[in-house]
Amino acid sequence: MSEGYADETTLVNAESNVYDRGLDAAIGLSVLTFALGMVTLVDAVPLNASGAALGESLVTVLAVVGGGVGIVGVSSWANVTPVESHRVRGIALGLVGSTLGLTVLAYAVPVTLATLLGLTLVVEAVAVATAGLASRVEAVDTGPNTSAGLLAGVVFGALGLAIGTAVGGSLVGFDSPAWVAVALGAGLVLTALTVLPREDVGSTVPAALVVGTLGLTIATAAVGVGWQWNPQSLSGGFTGGAVVPLFVLVGAVLSAWAAAKCRAGFGARGREFGAFLVINLNAFLMVAVMATIVVFVTVKGVGYALHGFTIGALSALVLLAPLLVVVANAARTPAGTSDWHTGARQLFRLLPLAAVGSVAAVLLSVLLTGDRLAYPFTYSVQVNRAQRSLDTALAVTPEPTVGSLLLVVPALSLSVYFFRSYGSLRNVGRRFEWVETARRTLPLAVAGTVALTGLFLLVGPTPLGLPLGGTLGLAVVVLAALAALALSALPLGGVLVGEGALADRAQDAATLFTLGVFGGLALLTAALFLQATATVTPSVGPVNVVPAVALAGAVASLAATALVARAKRRTDETLQRRLLGEETSLGLTGVAGFLTLLGLHVAVTKVSFTALGVSVANAGTLSWPMTMQTYVPLGAEPGGILPAVVGTVWLVTGATLFAVPLGVGAAVFLTEYAEQGRFTALVEIATNALWSTPSIVFGLFGAAFLIPRLGGDESLLAGMLVLGFMLLPLVLITSREAVKAVPDEYRDASAALGVSQWVTIKSVVVPAAMPGVITGVILGVGRIAGETAPLILVLGSTLNATESAQVLDGFRFTAQPPFVANDALLSASASLPTQVWAVIAAGVSGSPSMGWASAFVLLLVVLTFYAVGITARTYFRRKLTYE
Amino acid sequence: MIDDVRTNTRETILGGDATEGSLLAVGASAATLAATILVFLFRPAIAVPMVGAFIFVTALGWVTYQAEIARLLTLIATVLTVLTVTFITIFLFASALPAFVEHGLGLLLVPIQGGEVRWFFWLESVLPVGESYWNPAGGAYSLIPAIWGTVMVTLVAGAIAGPLGLFGALFIAEVASDGLREVIKPGVEVLAGIPSIVYGFIGFQVLNGFVQRSFLDDGASFLIAGVVVGVMALPTVVSVGEDALSSVPDAMGDGSIAMGATRWQTMKSISIPAAFSGISAGVILGLGRAIGETMAVAAIMAAGVGLANPLFDFFDASATLTSLIAVNYGSASESTVDVLFVAGVMLFVIVAGMSVVSQYIERQMREKLRGEA
């Protein structure tokens, strides 16, 4: 309910004065103290640092604070996110000012960080008390209530009890019961001080007392860096290193709260500001914890994980292509709200394009100049309890080679992307009799080729000793490839030949575009698969026919698209511009599609293809030892964790294949077919119970139920099924939500057209629910990818596996039951999470460096799933609300 | 009666109007599936061909009676989901039964130390007592220390996740601006997504050292395991609590604002009381997460089966129910495995119970807010 309510600037637009400025500074100082308390708690800066060492750390903090405030200030000035609140501005200034002050103090006065923090707390206490008393004597205009309230009283009472216990315990000792009296006394006094006086005193003086006590304790080193308290009855104790930061944190929160109350003039508004400040600090703490975890694991693991990472510049460029397309598209569409400055809007639109474009330019320059680009770095690993540092480098090599799979993946995704942005060109352009004939014969040709492919797949390329594959297959492949070549040249020919302006010619050629791109792609795809099953690779001289045709098709489509795009710029007619835009999308679909086929050919035949010095090959363009090598026993170079990566990929695939059909099917049944009542409620409760069942219980179930039925040994298949059981409720719950969210109007409209229930579900409900289902599946997969506990019981992983599971090659067909078997599925495997566990379980003999690197790779995998899932959800949600 | 059942079954499986042909197709498909499940349960070796037969029959039906077969397939998916839950329950209990029968209350044996019964909530009058409480060779399996370990870890985790989670939920639901919420909410989700083994590894490598340095402990402790588990349970509390706060009708808050109350007063006196049961459901669910958390606890505290001394010593360490299973399962003997299944049954019952309770509370709250109860 944030918008719609007037905020303090519109309600009260009073000029601020010294009182306000001073309290803003006090709040800023408290927030800074809170941050420093967190920093010292994790020992990022030692508490006994002083002089230049302390100054340097504080300069870093100053840089962070100044940078953050500066960015917000600039974006506020540019009207991107305007900050109008005087309080926020004041606190920001106070934050920068107090950081600056502390930094100067650290250099000027030889004090330790602990003393400095203690003194800061004392200053805050004095500021808060002064403000409260100023309000009490009516020196400033405030609106306090008669009491600070019981809630505050209880909180201060509890604090007083704790402080009293500590003081009493250290003065009289815990042996005599006198400490109880001291504790109770302190608690009662603070409660009374809070509840009885007017609010301005009741909420400042007790806070000042507590903060001041904490500050003095630290500043006088009564509890200092070397302080220890080790009670006999506990197996642990307390040291200054832990207690001082905790004191600082508590003191900072208290003084920030009290100062905020003063700043807003007490009363209802003061309570609100105080509470919001504490809530905001808590949120800041949570974000900081999350960021710390991710950054920490990254810092610890990234060196080992990226050891020897090398990529060819051309491959990197190809991988970058989809990103480039996306950011270029983002730069073309207007973004942001209307009250942005146009300059800022332009900047934000172009910034991503500029960033990705400059990376692409760097890669291109590597390619052109032929200089290897390398970033050498050193990291240390622990080998046999000794630190050893290793030199390695991230490198971009200038080879003009693309890995075949590295080409297929981006090209295919781009092809799909362009095809989705292509609408329709039906009934556009001039009609030719021969085009219609070609359009009718094409499906027949493709179907014939596919049938031949199927035949060869069933009986092999030489049925009954007849070398059909080498003769008939070869002839069909060559014919299909030539036909595809001719088809792919059609759009270009249509645009070039003919009369009239370029735009008119391009529009007339629409029929040729659809025929050329779709027909060419279909025929060449069929030919590609036929040559794989017929085991022929037709070639003219040294050049293979199919990839050459694919390349030619890509070039021809690109040329035609470029011409159309040029024509689109020239024309003014809106309709024509739209049609030409469609043609451009279609042409780009063709380019990406033909390149996909080129990559697929190389991947399938394992023969590299070279043209004009640029080649598409199967190996040698990407080297990432951590994920692409197995463990190397006693090697000089650290080995990788390929078996674990492969294992996780198979586990996730298997679990998804098991859980998604079941989950989606059940969701459809429960929402569309079943009557809402007892049964659906029961299933809902059961799935929710299944969802919250501890993961280790799934492991026990797998061990007791699955393993005896799957050959009696720990196996990959058991792991897949167990993870599938865990994924099932997640998929079911999210799919059910998605299916439920489809408006009933859709179903009614479909039913009104006389469509049967099943067809409605198939073509209306499920497609509408698809985004939600996919998002749910991605997030669920992200969760199970990191699941460890059940896998310990059913997967049988070992540390340092050297064999990765060969599932695809593992299928065997036998004459007696069970007819089909797969040893790889039924044997133990490694996986990323169990790899990390194995390092822990190995104790001293495990390599922590490898553990960190594995944890980093695991985190990378899981967070990628989450990032994709959350982005997809935000995107679909925006689309649904037509933003 | 029998006719009734028949029509009912027929309607569930086929829907309203079915022809004889579709009955045959669906019947054949369902029969092969039932046979497949039976075969998998009792003769798993020939399950693969049965699956093939089911696929063949179903594919045949799909071509001829697509709508009916599709309906059947979704029904099958539902039934299989329910069957999974049933199987898990049955097999857990069945595997735990031998240990129940053999040890009985011995599984809850209260340890004696130095000739004195360790204080355990006056339960020693009902429970057996003994010197040796965990000794697989001697047949002594008391789960009391592990249960107590779970309680300690959950207490610390609750102390962390409860208040912080409430504040976090308030922040996301009420305080944050829209732009900030777009960032923080996914951030909390990502926090939930960090695998527990990563938390465990951080705890194992870093936090244990921190405890030794800063809390003079000799290694692992309930404190650090509880803090880590609390951070892990935090996102659950935040997101369920946030859902509860968001489901409070806007009209209630708007009414309060219109009366001149500040947003904090509205939150404190309207939103939080109205959503209180939802927030407590979130806390219960979060505690369930904490109880069931395995890897972080196992990585930080490893094994070690002993009762904390004194009972509330947060610097001590022992296995919890979950880490007991994870650490011991691989090397356990037959009878120990049975005891581990008892631990699994306890976890399953407790956590599933907490989940059901929290769902019940949430549903009650929603109905109340909608004015239905």
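Quick note on labels: first sequence line is chain A, next is B, and so on, each numbered from 1.
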Please determine, among [options], the option with the most heavy-atom pairs under 4.5 Å with chain A.
{"options": "I88(B), L285(B), T294(B)", "answer": "I88(B)"}
{"options": "P163(B), A352(B), P186(B)", "answer": "P186(B)"}
{"options": "K268(B), Q359(B), E293(B), E182(B)", "answer": "Q359(B)"}
{"options": "L180(B), V345(B), V198(B)", "answer": "V198(B)"}
{"options": "V82(B), V79(B), T81(B)", "answer": "T81(B)"}
{"options": "V337(B), I184(B), I350(B), V206(B)", "answer": "V206(B)"}

Contact part of [X] toward chain A, heavy-atom cut-off under 4.5 Å: side chain, backbone, both or neither?
{"X": "Y360(B)", "answer": "neither"}
{"X": "I202(B)", "answer": "both"}
{"X": "L164(B)", "answer": "both"}
{"X": "F204(B)", "answer": "side chain"}
{"X": "L234(B)", "answer": "side chain"}
{"X": "T262(B)", "answer": "both"}

Among [options], which residue forms the greatest number of heavy-atom pairs with chain B at distances under 4.5 Å?
{"options": "G702(A), A704(A), A674(A)", "answer": "A704(A)"}
{"options": "V683(A), I293(A), L682(A), I792(A)", "answer": "I293(A)"}
{"options": "G786(A), G241(A), G663(A), S692(A)", "answer": "S692(A)"}
{"options": "A659(A), A689(A), A789(A)", "answer": "A789(A)"}
{"options": "F273(A), F856(A), Y673(A)", "answer": "Y673(A)"}
{"options": "A667(A), A283(A), A855(A)", "answer": "A283(A)"}

With sequence neighbours left out, write down each residue that passes salt bridge (Lys or Arg N to Asp or Glu O under 4.0 Å) with R783(A), or none if nothing qualifies. none
Which heavy atom of L779(A) sits nearest a heavy atom of G869(A), and at what distance? CD2-CA, 4.2 Å
Can you see which heavy atom on L793(A) is nearest to which on I707(A), and at what distance? O-CD1, 4.0 Å
If a pair satisfies side-chain hydrogen bond (donor to acceptor under 3.5 Å, both in side chains) and one of its residues is in residues 697-706 of chain A, list it, with sequence neighbours excluded. none
Answer with side chain, backbone, both or neither: which region of [X] has an atom nearer than 4.5 Å to a non-hydrogen atom of chain B?
{"X": "L863(A)", "answer": "side chain"}
{"X": "I279(A)", "answer": "both"}
{"X": "F698(A)", "answer": "side chain"}
{"X": "L728(A)", "answer": "side chain"}
{"X": "V243(A)", "answer": "neither"}

W852(A) ring center near F296(A) ring center (under 6.0 Å): yes
Taking the six-membered ring for Trp, are F91(B) and F705(A) ring centroids under 6.0 Å apart? yes
